[in-house]
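Data first, discussion second: the structure below is written as structure tokens.
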There are 2 protein chains.
Amino acid sequence: MEFYVQHPRFLVAVDCVIFGYEEGELKLLIYPRAFEPEKGKWSLMGGFIQQAESSDEAAARVLKETTGLNEIFLEQVSTFSASDREPSERVISVAYFALIKIERYKKNKTREFGAKWWPVNELPPLIFDHNEMVLQSLKKLQQKAGHSLVGSELLPSKFTLLQLRKLYEAIYQRSFDPGNFRKKMLSLGALEKLDQKNSTESKKGAYYYRVKPDKTELELERIIKY
Amino acid sequence: MEFYVQHPRFLVAVDCVIFGYEEGELKLLIYPRAFEPEKGKWSLMGGFIQQAESSDEAAARVLKETTGLNEIFLEQVSTFSASDREPSERVISVAYFALIKIERYKKNKTREFGAKWWPVNELPPLIFDHNEMVLQSLKKLQQKAGHSLVGSELLPSKFTLLQLRKLYEAIYQRSFDPGNFRKKMLSLGALEKLDQKNSTESKKGAYYYRVKPDKTELELERIIKY
DNA sequence: TCAAAAGTGTTGGAGGTACACCCATGT
DNA sequence: ACATGGGTGTACCTCCAACACTTTTGA
């Protein structure tokens with residue numbers, strides 16, 4: 001027991017890389033830091049882990065406090081622990097990435113924190129190692145999107161295949177052949193065609209789809225063979 | 001600044017999941033815990049992060065102390081932070097996985113710590129959440145092996161294709177077609193045939209190969225397309 | 001001589017890419 | 001009428017799984 005005592009203790013924080021999707025662009029929710037050091041500079045949403053709270057719980061709490069949303073997709077990215085990553089005092093930080101539907105996001109929270117949705121590929125410099133956290137999160141998001149359908153996390157509950165394709169194009173920063181993309185996505189058997197059509201984005205109108213309720217967690221089995 | 005003060009501080013540890021490969025089996029280095037609580041029970045190699053030391057550095061130090069080896073492949077797996085993960089006192093732990101060549105491992109260190117190489121699929125129960133750490137590490141290892149050549153980390157510097165295949169079979173817990181495996185691996189252009197032959201494992205004798213010096217970091221581009 | 005690994009070749013199928021083509025419709 | 005996305009079909013290519021077959025050599 002006394003073995004434990006002699007070791008140093010650290011402040012441990014969580015930082016959330018919050019992805020949203022709007023107007024054909026993948027966006028990130030960042031805000032001007034509210035306190036010193038680096039007060040006013042752009043930063044990820046973060047907070048310190050409290051007693052009797054796991055880092056997962058802390059990340060969910062931070063997300064709830066800053067966006068007003070519960071039950072968000074959250075995944076741990078990595079822990080950042082360079083001893084000089086914050087100038088004034090040592091803080092170890094566990095980075096998380098979150099996917100939220102911007103439509104659900106409570107706008108009033110924006111004002112409260114001065115937060116801003118910012119396109120991921122035009123991000124300003126962030127404090128400390130937050131840009132690195134974003135890079136790693138983007139990679140994780142690409143991985144996740146590669147073997148599960150992120151549509152249900154980032155898009156409205158019903159969406160057209162054009163919208164889904166645009167989302168994937170935003171995530172991978174490349175374009176996909178419309179015909180092939182459609183066939184691929186439908187062949188997975190995870191999408192359900194609705195009766196409703198969306199006519200705002202094309203003359204002909206495209207059917208809405210939704211993720212089949214039981215297939216939300218579908219693994220697209222892009223499994224490594226070798 | 002005073003904002004920082006009011007938050008709790010935590011002991012932060014690293015735990016190392018150390019993979020080795022021997023006699024056709026993927027093995028893990030574990031040892032009987034040297035202090036309370038859970039003294040004597042099987043445990044991963046771990047240690048507390050010290051002042052002015054990052055978790056990466058701490059993991060490398062723990063590895064050095066317990067195996068005598070420097071410059072080992074080490075990768076962060078995940079951070080475990082459930083508030084009750086250790087019964088007596090709260091500790092947040094960053095798990096790492098390491099790949100080492102058992103041949104290089106200093107045997108005297110075994111005696112010093114009572115450590116033991118244990119086949120991964122016959123592991124005894126480990127303390128706390130260490131079994132979970134092992135599971136996640138194995139997944140990471142499979143991922144890594146899926147798009148880079150782990151041969152150079154786990155095998156001697158020269159190896160036959162049989163040895164490489166047995167290693168991959170151990171990692172993925174499945175068998176590969178010998179002919180296809182050979183063709184696949186050679187087609188990557190990362191292996192160099194040596195003049196020497198190994199005659200201990202077959203009558204005919206198999207040529208040794210090594211990873212081309214410039215291809216150690218080769219990505220096998222098993223890239224997500226969609 | 002036979003078993004077992006080394007090493008090469010062939011074949012069929014699955015799935016991805018590129019691209020042609022028709023459909024529906026608002027402007 | 002025409003531009004635009006919706007939606008379908010096809011030809012080609014790559015890669016992989018399965019498996020046949022020959023070679024070598026120690027037991």
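Throughout, a chain's letter reflects where its sequence line sits, starting with A, and its residues are numbered from 1. Worth knowing before you read on, the calculation uses all heavy atoms, side chains too, and leaves out hydrogens, waters and symmetry mates.
- One side chain, A:Asp15 or A:Ser93, offers a donor N or O that lies under 3.5 Å from an acceptor on the other.
- Rounded to an integer number of Å, the gap from CG of A:Leu188 to P of C:dA14 is 17 Å.
- Ring-plane geometry between B:Phe181 and B:Phe176 is classed as tilted, the angle between the planes lying from 30 to 60 degrees on a 0 to 90 degree scale.
- For A:Phe176 and C:dT17, the CZ to C1' distance is 13 Å, given to the nearest whole Å.
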Protein-nucleic acid N or O pairs under 3.5 Å, nucleotides 10-13 of chain C:
unit_1	atom_1	unit_2	atom_2	d
C:dT10	O4	B:Lys183	NZ	3.2

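- One finds no side-chain N or O of A:Arg182 lying less than 4.0 angstrom from the OP1 or OP2 phosphate oxygen of D:dG6.
- Following rounding to the nearest Å, B:Lys193 (NZ) and C:dA6 (C1') show an atom-to-atom distance of 10 Å.
- The distance between atom OH of B:Tyr172 and atom P of D:dC16, rounded to the nearest whole Å, is 13 Å.
- Shown here are the side-chain hydrogen bond (donor to acceptor under 3.5 Å, both in side chains) partners of B:Tyr31, two or more places apart in sequence or in another chain: there are none.
- Using a 4.0 Å cut-off between charged side-chain N and carboxylate O, A:Arg210 and A:Glu192 make a salt bridge.
- Between A:Met185 atom CE and D:dG7 atom P there is a gap of 15 Å when expressed in whole angstrom units.
- Partners of A:Phe73 according to the ring pair (Phe, Tyr, Trp, His ring centres under 6.0 Å) rule, which considers only residues two or more places apart in sequence or in another chain, are A:Phe97.
- Non-hydrogen atoms lying under 4.0 Å from DNA chain D are contributed by A:Glu201, A:Ser202, A:Lys203, A:Lys204, A:Gly205, A:Ala206, A:Tyr207, all within residues 198-208 of chain A.
- Nearer to the 5' terminus of DNA chain D, by closest-nucleotide assignment, is the contact made by A:Gly179 (compared with the other of B:Lys197 and A:Gly179).
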Evaluation steps, salt bridge (charged side-chain N to carboxylate O under 4.0 Å, His left out), between A:Glu57 and A:Arg61: CA-CA 6 Å; A:Glu57 289 159 355; A:Arg61 173 177 53 76; over 6 Å; no

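- Non-hydrogen atoms lying under 4.0 Å from DNA chain C are contributed by nothing in residues 157-166 of chain A.
- A:Ser54 and A:Asp56 are not linked by any side-chain donor-acceptor pair at a separation below 3.5 angstrom, with hydrogens and angles left out of the test.
- Here the rule is side-chain contact (heavy atoms from CB on, under 4.5 Å) with A:Trp42, and of A:Leu123, A:Leu126, A:Ile127 only A:Leu126 fits it.
- Between the side chains of B:Gln76 and A:Ser78, at least one donor N or O sits under 3.5 Å from an acceptor N or O.
- Atom CG in A:Asp177 sits roughly 13 Å away from atom P in D:dG6 (whole-Å rounding).
- Residue pairs meeting the salt bridge (charged side-chain N to carboxylate O under 4.0 Å, His left out) criterion with at least one member in residues 117-127 of chain A, sequence neighbours excluded, do not occur.
- Ion pair B:Arg33/B:Glu38 not flagged as a salt bridge, since none of the NZ, NE, NH1 or NH2 atoms sits closer than 4.0 Å to an Asp/Glu carboxylate oxygen.
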